[in-house]
Every structure is written in structure tokens, then in C-alpha cells.
Amino acid sequence: MNCPSLDKLTTELAKLPGIGPKTALRLSYFILRSPNKYVNELSNSLTDVKDKIQLCSKCYCYTEQDICHFCLDPHRSDNTLCIVENPSDISQIDSSGVFRGRYHVLHGVISPMEGIGPDDIKAKELFKRIEAVKDTDLAITEVILALDADLEGDTTALYIAKTLKTYDIKVTRIAHGVPIGGDIDYIDHRTLGRALENRVQL
Ligand SMILES: [Zn+2]
């Protein structure tokens with residue numbers, strides 16, 4: 001079949017994470033067979049996310065306004081900041097219902113191996129934000145680092161903790177360890193080691 005437009009669609013779909021060439025081709029045929037109304041809506045929503053969504057000017061999560069609803073919510077505490085790597089981490093943490101403070105998205109983590117330094121993530125913005133409210137009612141008293149338990153997460157956590165040393169701020173990191181319902185027999189040694197380090201008194 002000589003249908004360059006179909007080939008092009010398949011090529012683009014295959015670039016999506018988790019979509020192999022076969023699935024991409026199946027999706028292309030599905031789109032081709034779909035009613036125009038659906039295809040128009042799909043196409044509009046693709047352009048809409050790029051046109052309408054921007055970064056919140058305070059916390060850098062995604063929003064369609066200048067300031068996101070997490071930053072505007074009057075029922076959240078201004079004094080606690082939860083630091084995450086990606087905007088999608090916020091929905092995960094927020095659905096736990098445990099954290100009621102504000103967020104800050106780094107948009108990456110420090111990775112010397114990949115040449116990503118502190119200036120390549122929103123770290124400067126974080127320190128500026130903390131500095132701006134220092135000695136006011138809105139001053140940050142605790143920073144919770146909700147970063148991955150890997151080398152990059154460790155490096156980033158250490159860097160932020162070190163930089164915040166001069167402030168009167170409690171810097172904590174979310175505990176990593178045995179998942180709820182997890183069986184100790186099946187947990188890898190590193191996770192178990194972390195769980196032991198992060199043990200809590202009963
Ligand atoms: Zn925000």
C-alpha cells in the first residue's frame with residue numbers, strides 16, 4: 001500500500017512510550033477507520049495540551065492559568081514544601097491525601113553521568129522561592145524531598161539539603177522501604193536496607 005500519510009502517522013505514534021511498531025500500525029488503522037468527529041477531537045486535544053498548558057509561575061507544575069490550583073488553595077499550609085521531580089508526581093502524592101502543603105517541581109534530577117547539573121533543573125527557583133518568604137508568615141519550615149530512591153534522587157536530595165543548611169528549615173525525605181502488603185522474602189536487598197535505615201519507633 002502506498003499511503004505516505006498512514007506511514008507518517010504510524011511513525012509518529014511509534015515514538016510514544018510503550019508503543020511498538022505493531023501497536024502503532026494498529027492504532028493508525030483504528031484512527032483511519034474512526035469517524036471524522038473523533039479524529040477531529042483527538043487532533044484538537046493534541047494541540048490544546050500544547051497551546052493551553054504552561055508551567056505555574058510559583059511551583060512549576062502544569063496549569064492552564066498563571067498560578068496553579070495547588071498554589072491558590074487557601075486550605076493548604078504555606079510552610080511546608082514537597083519537592084518532586086515531575087508534575088505527574090504531584091497527582092500521585094496528592095491522591096495519598098496525607099500531604100496538605102505546597103509543591104515545587106524540579107523538572108529533572110541532578111545526574112552527573114548525563115551532564116545534568118543543578119542549573120538544569122528548577123533548583124535555583126526553589127531557593128529563590130524559599131528566600132523570598134524568609135522571615136515572613138509564609139516562611140518555609142519544612143522541605144520534604146519526594147524523590148526517587150536512586151543515585152540521581154540521592155544526589156539531588158543531598159544537594160538541596162546542603163544548600164538549605166543555612167536556613168532554619170527541617171529537610172526530610174520520604175521513606176523508601178517495604179510496600180504495604182509487601183512480603184519481606186521478595187524484597188530486594190537495597191530496598192530492605194533502606195527500610196531498615198528508615199525504621200520507625202513503635
Ligand atoms: Zn503552582
Side-chain angles (χ1 to χ4, degrees), residues 56 58-62 68-114 116-202:
C56 166
K58 266 185 117 170
C59 74
Y60 300 94
C61 87
Y62 293 137
C68 77
H69 72 282
F70 293 113
C71 289
L72 288 174
D73 187 348
H75 303 296
R76 287 180 169 270
S77 154
D78 286 306
N79 311 106
T80 322
L81 265 191
C82 179
I83 317 294
V84 295
E85 180 181 341
N86 297 306
S88 54
D89 299 331
I90 293 185
S91 357
Q92 283 287 93
I93 291 170
D94 224 62
S95 55
S96 77
V98 175
F99 181 70
R100 296 296 298 160
R102 309 279 180 197
Y103 291 99
H104 186 91
V105 188
L106 292 174
H107 287 274
V109 275
I110 300 171
S111 170
M113 295 274 284
E114 288 175 45
I116 303 169
D119 288 346
D120 302 311
I121 61 172
K122 304 272 183 215
K124 243 191 294 157
E125 288 82 350
L126 167 69
F127 304 135
K128 235 188 246 170
R129 194 176 162 190
I130 291 173
E131 180 66 33
V133 291
K134 196 180 148 193
D135 302 325
T136 71
D137 288 348
L138 305 175
I140 309 298
T141 52
E142 182 174 1
V143 160
I144 302 171
L145 300 162
L147 302 169
D148 289 348
D150 53 15
L151 186 63
E152 289 80 15
D154 291 353
T155 312
T156 311
L158 214 67
Y159 169 74
I160 292 174
K162 232 169 106 184
T163 313
L164 293 179
K165 267 248 161 72
T166 50
Y167 292 86
D168 190 17
I169 295 175
K170 183 173 157 194
V171 181
T172 54
R173 190 164 179 199
I174 55 161
H176 300 99
V178 184
I180 303 281
D183 191 324
I184 286 183
D185 285 347
Y186 295 105
I187 291 165
D188 67 280
H189 292 138
R190 277 193 64 207
T191 306
L192 203 54
R194 258 307 162 86
L196 272 166
E197 280 167 17
N198 297 329
R199 68 191 181 277
V200 288
Q201 191 170 354
L202 300 174

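What's counted below: heavy atoms across the whole structure, side chains too, no hydrogens, waters or symmetry copies. Positions are given from 1 along the sequence.
Within 6.0 Å of OH in Tyr62 there are 12 or fewer heavy atoms belonging to other residues, nucleotides or ligands. The local environment of CD in Gln92 is sparse, with at most 12 non-hydrogen atoms from other residues, nucleotides or ligands closer than 6.0 Å. Within 6.0 Å of CG in Asp183 there are more than 12 heavy atoms belonging to other residues, nucleotides or ligands. Within a 6.0 Å radius of CG in Leu196, other residues, nucleotides and ligands contribute more than 12 heavy atoms.
Screening Asn79, Leu126, Val133 against Ile140 for a side chain to side chain contact (heavy atoms under 4.5 Å, CB included) leaves a single residue, Val133. The side chain to side chain contact (heavy atoms under 4.5 Å, CB included) test with Ile110 is passed by exactly one of Asp119, Leu151, Thr155: Thr155.
A donor-acceptor contact under 3.5 angstrom links the side chains of Arg129 and His104, judged on distance only. Side-chain contact annotation: Asp89 with Tyr103, donor-acceptor N/O pair under 3.5 Å absent.
Of the possible donor and acceptor atoms, none in the side chain of Ser111 sits under 3.5 Å from a partner among the backbone N and O of Ile116.
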Pair Arg100, Asp73 - check salt bridge (Lys or Arg N to Asp or Glu O under 4.0 Å), show working.
CA-CA 10 Å; Arg100 296 296 298 160; Asp73 187 348; 3.6 Å; yes
Would Arg194 and Asp188 count as a salt bridge (Lys or Arg N to Asp or Glu O under 4.0 Å) if you check the C-alpha gap in whole Å, the side-chain angles of each, and the deciding distance to 0.1 Å?
CA-CA 10 Å; Arg194 258 307 162 86; Asp188 67 280; over 6 Å; no
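Between Asp154 and Arg173 there is a salt bridge, since a side-chain N of the basic residue sits under 4.0 Å from a carboxylate O of the acidic one.
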